[in-house]
Amino acid sequence: MKKVAINIFRILFDTFLPPRCVICHDVVYKENGLCHKCFKNISFLSDQSCPVCGRPYTFPVEESELICGKCLSNPPQLQGLKAVFAYDDYSKKLILPFKHADRTDLVPFLSKLLYYRGKSVLKNADYIIPVPLYWQRLVKRKYNQSALLAVKLSKLVERPFLLNTLLRIKKTQSQGHKNREERIKNIQNAFCVRHPEKIKGKTIVLIDDVYTTGATLNECAKVLRQAGAKRVEALVLARVCYF
Ligand SMILES: [Zn+2]
Ligand SMILES: [Zn+2]
């Protein structure tokens, strides 16, 4: 009887307040998803990419272990990267409101995307760690978007998260308009590990929203590996790609 009442309530609720696409707000069948048009416009990425830096390949790759030339010549500190979609004008419509406009209602949808994309690495993680914000930025923004994703993901994948072990100790300028070299210099010595004993010998999956040049994630991976982490990989929503 209770179930029937709940179903009637849901039908009435959906009739007057139907679920909407998270980008364009068109009516969709179920909440927390994208409509046909928005789904088509997002460039989802797959394992047809370099397993180390996530650079997508434009040719079919039989095995996902083909490492790109850049990573072979100069192995980054970050040992693996998976991104859900390419960072472009369309995916910005998801990322920017989530990052800067209090759209924390996107967390369930975005963390589910991260979960499906990163299941294979998440299941081996000892800890899921979000890229931290400097405390002044956290106060200004009111939330750390990567931490919200990490907490939700941790529930989905049933692996623990750590929030106050990797710390951002330097106020850095925005990476927005900087080139690769400037980004690397800007982010140097920005992080530290508070309890290295927690990290020693562990496999870490870092969570962030956007991978641009990799400077931030590589700096995080560097301090975690210096603290004794066995392996550091990352899972991000979007990656800047030049196809
Ligand atoms: Zn839409
Ligand atoms: Zn690579």
Side-chain angles (χ1 to χ4, degrees), residues 39 42-88 90-91 94-95 110-131 146 149-150 152-154 156-162 166 180-181 183-184 187 191 193 199-243:
F39 196 90
I42 297 274
S43 302
F44 287 100
L45 299 173
S46 70
D47 281 344
Q48 295 259 322
S49 51
C50 170
V52 180
C53 72
R55 179 187 309 273
Y57 294 133
T58 50
F59 53 90
V61 181
E62 290 278 326
E63 47 163 330
S64 62
E65 292 305 310
L66 182 69
I67 297 174
C68 79
K70 209 170 171 192
C71 292
L72 280 179
S73 305
N74 191 9
Q77 290 287 328
L78 189 69
Q79 292 155 297
L81 178 87
K82 283 184 193 291
V84 179
F85 40 70
Y87 191 59
D88 55 21
Y90 220 88
S91 63
L94 267 176
I95 299 282
L110 296 176
S111 46
K112 216 173 271 175
L113 291 180
L114 285 173
Y115 171 68
Y116 290 128
R117 179 73 182 99
K119 242 197 269 188
S120 58
V121 289
L122 287 165
K123 70 173 197 289
N124 297 321
D126 291 306
Y127 290 116
I128 297 171
I129 300 184
V131 170
S146 303
L149 294 171
K152 187 79 184 163
L153 257 181
S154 151
L156 289 172
V157 78
E158 295 176 339
R159 306 301 305 149
F161 63 86
L162 279 182
L166 177 66
R180 193 182 140 76
E181 281 66 39
R183 281 169 181 253
I184 292 171
I187 205 77
F191 300 97
V193 174
I199 298 298
K200 202 163 183 241
K202 304 292 187 204
T203 296
I204 307 294
V205 175
L206 287 163
I207 304 297
D208 206 3
D209 45 14
V210 183
Y211 176 105
T212 308
T213 60
T216 303
L217 278 164
N218 269 300
E219 190 65 22
C220 290
K222 187 175 95 185
V223 296
L224 287 165
R225 290 178 67 185
Q226 280 168 351
K230 186 170 81 181
R231 186 167 176 82
V232 184
E233 299 190 46
L235 182 58
V236 299
L237 286 171
R239 187 196 195 282
V240 171
C241 302
Y242 303 103
F243 291 103

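The shortest heavy-atom contact between Ile128 and Ala125 is CG1-CB, 4.5 Å. Here the closest heavy-atom approach between residue Ala229 and residue Val232 is recorded as CB-CG2, 3.8 Å. Across Leu45 and Arg117, no two heavy atoms sit closer than the pair O-NE, 3.5 Å. In this structure, Ile199 and Ala227 approach most closely via the heavy-atom pair CG2-CB, 4.2 Å. Shown here for Ile207 and Leu149, the closest heavy-atom pair between the two residues is CG2-CB, 4.0 Å. Scanning all heavy atoms of the two residues, the minimum distance from Ala238 to Ile95 falls at CB-CD1, 4.2 Å.
In this pair, Phe44 and Phe39 present their aromatic rings tilted. The plane angle is within the 30 to 60° band.
Here Ile129 contributes atom CD1 and Leu206 contributes atom CG; the two are 6.5 Å apart, rounded to the nearest 0.5 Å. Rounded to the nearest 0.5 Å, atoms OH (Tyr115) and CG (Leu153) are 9.5 Å apart. We find the OG-NZ distance between Ser46 and Lys82 to be 9.0 Å, quoted to the nearest 0.5 Å. Considering NZ of Lys152 and CG of Leu156, their distance stands at 6.0 Å, rounded to 0.5 Å. Atom OG1 of Thr213 is separated from atom CD of Glu181 by 9.0 Å, given to the nearest 0.5 angstrom. Summarising the geometry, atom OH belonging to Tyr211 is positioned 7.5 Å from atom CZ belonging to Arg55; distances are rounded to the nearest 0.5 Å.
No side-chain heavy atom of Lys70 sits under 4.5 Å from any side-chain heavy atom of Cys50.
When each of Val210, Leu94, Leu114 is paired with Leu237, the side-chain contact (heavy atoms from CB on, under 4.5 Å) condition holds for Leu114 and for no other.
Residue pairs meeting the salt bridge (charged side-chain N to carboxylate O under 4.0 Å, His left out) criterion with at least one member in residues 213-225, sequence neighbours excluded, are Glu219-Lys222.
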Chi angles and distances behind the side chain to side chain contact (heavy atoms under 4.5 Å, CB included) call for Phe191, Leu166: CA-CA 7 Å; Phe191 300 97; Leu166 177 66; 4.1 Å; yes

(request) Check the pair Tyr127, Leu224 against side chain to side chain contact (heavy atoms under 4.5 Å, CB included), reporting the backbone distance first and the verdict last. (result) CA-CA 12 Å; Tyr127 290 116; Leu224 287 165; over 6 Å; no

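Of the possible polar contacts, none joining the Arg239 side chain to the Pro56 backbone as a donor-acceptor pair under 3.5 Å is found. With hydrogens and angles ignored, the 3.5 Å screen pairs no side-chain donor or acceptor of Glu233 with any backbone N or O of Val205. At least one donor-acceptor pair under 3.5 Å links the side chain of Ser91 to the backbone N or O of Ala86. In terms of modelled atom types and a separation under 3.5 Å, the side chain of Ser154 and the main chain of Arg159 share a donor-acceptor contact. Panel note: side chain Tyr57, backbone Cys68; a donor-acceptor pair is recorded below 3.5 Å. Although no hydrogens or angles enter the test, the distance criterion places no donor-acceptor pair under 3.5 Å between the side chain of Asp208 and the main chain of Val236.
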